[in-house]
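A short worksheet on the structure shown next.
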Amino acid sequence: MGVPEKDPREEVVQAWYMDDSDDDQRLPHHREPKEFVSLDQLSELGVLSWRLDADNYETDEELKKIREDRGYSYMDFCEVCPEKLPNYEEKIKNFFEEHLHTDEEIRYCVAGSGYFDVRDHNDKWIRVWVKKGGMIVLPAGIYHRFTLDSENYIKAMRLFVGDPIWTPFNRPHDHLPARKEYVKAFVEKEVGDHAVDAAA
């Protein structure tokens, strides 16, 4: 039996369950002992990931294909660091408020790194560390938040289908159609699958 191939995405996207500490949000916040989450487990929450060539994003055929396949017609860049973002401290606090969007959130890290925290099926926080070359898609309706890590810098490509709408809906917004559709597609499905497993 050969050793299973390591998923190359894991070099640029890693995930783990968070502790409940109130320490600086930019620290890793691992549980003790550490409890990692696979990229397959993330995909069960609707969170998709890729490893791309961040040094050649202008000419990257794989990125071009993803954009075409998923209809990501809009693109811009966002740099988050004290020097580049006006009202930095306030913005970072806002990003870290738990919220959802009514559309996908697509972020491709072309420099630096940051944490995207998402809720699992049991409402526990999973911290998703995205580094240079990592791209993630958070589905519409998932509760999440963002913070920089201790390096205090990320440059991310933002992609969107059509004209971008960045409106955050802070929790609770369970009545929104996007949230109801997310729960039906990912949360209830997971609960249903476990019930079937238990009965088998």
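Residues: numbered from 1 along the sequence shown. Note that the structure is predicted; figures quoted are calculated from it, not measured.
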With sequence neighbours left out, which residue pairs that include part of residues 173-183 fulfil the side-chain hydrogen bond (donor to acceptor under 3.5 Å, both in side chains) condition? Y143-D174

To the nearest 0.5 Å, atom CG of N170 lies from atom CD of E97 at 5.0 Å

Could you label the plane-to-plane angle of the W129 and W16 rings as parallel, tilted or perpendicular, counting under 30° as parallel and over 60° as perpendicular? perpendicular

State the CD1-CG distance between I92 and L148, to the nearest 0.5 angstrom. 4.0 Å

Given side chains that start at C-beta, do those of V12 and W50 come closer than 4.5 Å, heavy atoms only? no

Run the side-chain contact (heavy atoms from CB on, under 4.5 Å) check on F169 and H99 step by step: do they pass? CA-CA 5 Å; F169 294 95; H99 62 278; 5.7 Å; no

What distance do S73 atom OG and L159 atom CG have between them, rounded to the nearest 0.5 Å? 9.5 Å

Would you please name every residue forming a side chain to side chain contact (heavy atoms under 4.5 Å, CB included) with E104, sequence neighbours left out? R70, Y72, I106, V137

Do K131 and Q14 come within less than 4.5 Å of each other through their side chains, counting heavy atoms only? yes

Which atom pair, heavy atoms only, marks the closest approach of L27 to Y115? O-CE1, 3.8 Å

Which atom of N122 lies closest to which atom of D120, heavy atoms considered: N-OD1, 2.7 Å

ILVMFWY network linking V161 to I165, side-chain heavy atoms under 4.5 angstrom: no

Are L48 and L63 joined in one hydrophobic group, where the rule is that I, L, V, M, F, W and Y side chains link up if heavy atoms are under 4.5 Å apart? yes

K91 atom NZ: more than 12 heavy-atom contacts under 6.0 Å: yes

Spacing of CG belonging to L52 relative to CD1 belonging to I66, to within rounding of 0.5 Å: 4.5 Å

Determine whether E83 and Y153 make a side-chain contact, defined as any pair of heavy atoms from C-beta on separated by less than 4.5 Å. no

With a 4.5 Å heavy-atom cut-off, do S49 and I136 have their side chains touching? yes

K124 and side-chain contact (heavy atoms from CB on, under 4.5 Å): which partner among R119, E35, R31? R31

Looking only at heavy atoms, which two atoms of A54 and C109 are closest? And how far apart? CB-O, 4.1 Å

Are any non-hydrogen side-chain atoms of H101 and P168 less than 4.5 angstrom apart? yes

Of all the heavy-atom pairs spanning V130 and F116, show the shortest one and how long it is. CG2-CD1, 3.7 Å

Do K64 and D60 touch side chain to side chain, with heavy atoms closer than 4.5 Å? no

Going by an N to O cut-off under 4.0 Å, is there a salt bridge joining K65 and D69? yes

Please indicate whether D20 has more than 12 foreign heavy atoms, meaning atoms of other residues, nucleotides or ligands, lying under 6.0 Å from its CG. no

Minimum side-chain heavy-atom gap F160-D76 below 4.5 Å: no

Point-to-point distance, once rounded to the nearest 0.5 Å, from CG of D40 to CG of L45: 11.5 Å

F36/H30 under side-chain contact (heavy atoms from CB on, under 4.5 Å): CA gap, chis, key distance, verdict: CA-CA 9 Å; F36 288 95; H30 276 288; 3.7 Å; yes

Closest heavy-atom pair, I126 versus A15, reported as atoms and distance to 0.1 Å, is CG2-CB, 3.9 Å

Do Y17 and L39 share a hydrophobic cluster, counting only Ile, Leu, Val, Met, Phe, Trp and Tyr and linking them when any side-chain heavy atoms are less than 4.5 Å apart? yes

What's the spacing between L100 CG and R171 CZ if we round to 0.5 Å? 9.0 Å

So which atom in H29 and which in S21 form the shortest heavy-atom distance, rounded to 0.1 Å? CE1-O, 3.5 Å

Do V13 and V47 land in one hydrophobic cluster if side-chain heavy atoms of ILVMFWY residues count as linked below 4.5 Å? yes

Does any part of the side chain of F146, heavy atoms only, come nearer than 4.5 Å to the side chain of I154, both counted from C-beta? yes

Worked check of side-chain contact (heavy atoms from CB on, under 4.5 Å) between L138 and R107: CA-CA 9 Å; L138 304 182; R107 295 291 181 271; over 6 Å; no

Let's go through R67 and M75 carefully: what are the C-alpha distance in whole Å and the side-chain angles of both, what is the deciding distance for side-chain contact (heavy atoms from CB on, under 4.5 Å) to 0.1 Å, and is it a yes or a no? CA-CA 10 Å; R67 289 187 64 182; M75 182 267 283; 3.7 Å; yes

If you measure from the Lys or Arg side-chain nitrogens to the Asp or Glu carboxylate oxygens, is any gap between R26 and D149 under 4.0 Å? no

Please check if the number of heavy atoms outside D22 that lie under 6.0 Å from its CG is greater than 12. no

Identify whether F95 and Y88 are in the same connected component of the hydrophobic contact network (ILVMFWY, side-chain heavy atoms under 4.5 Å). yes

Please work out whether the ring planes of Y108 and Y57 are parallel, tilted or perpendicular, with thresholds of 30° and 60°. perpendicular

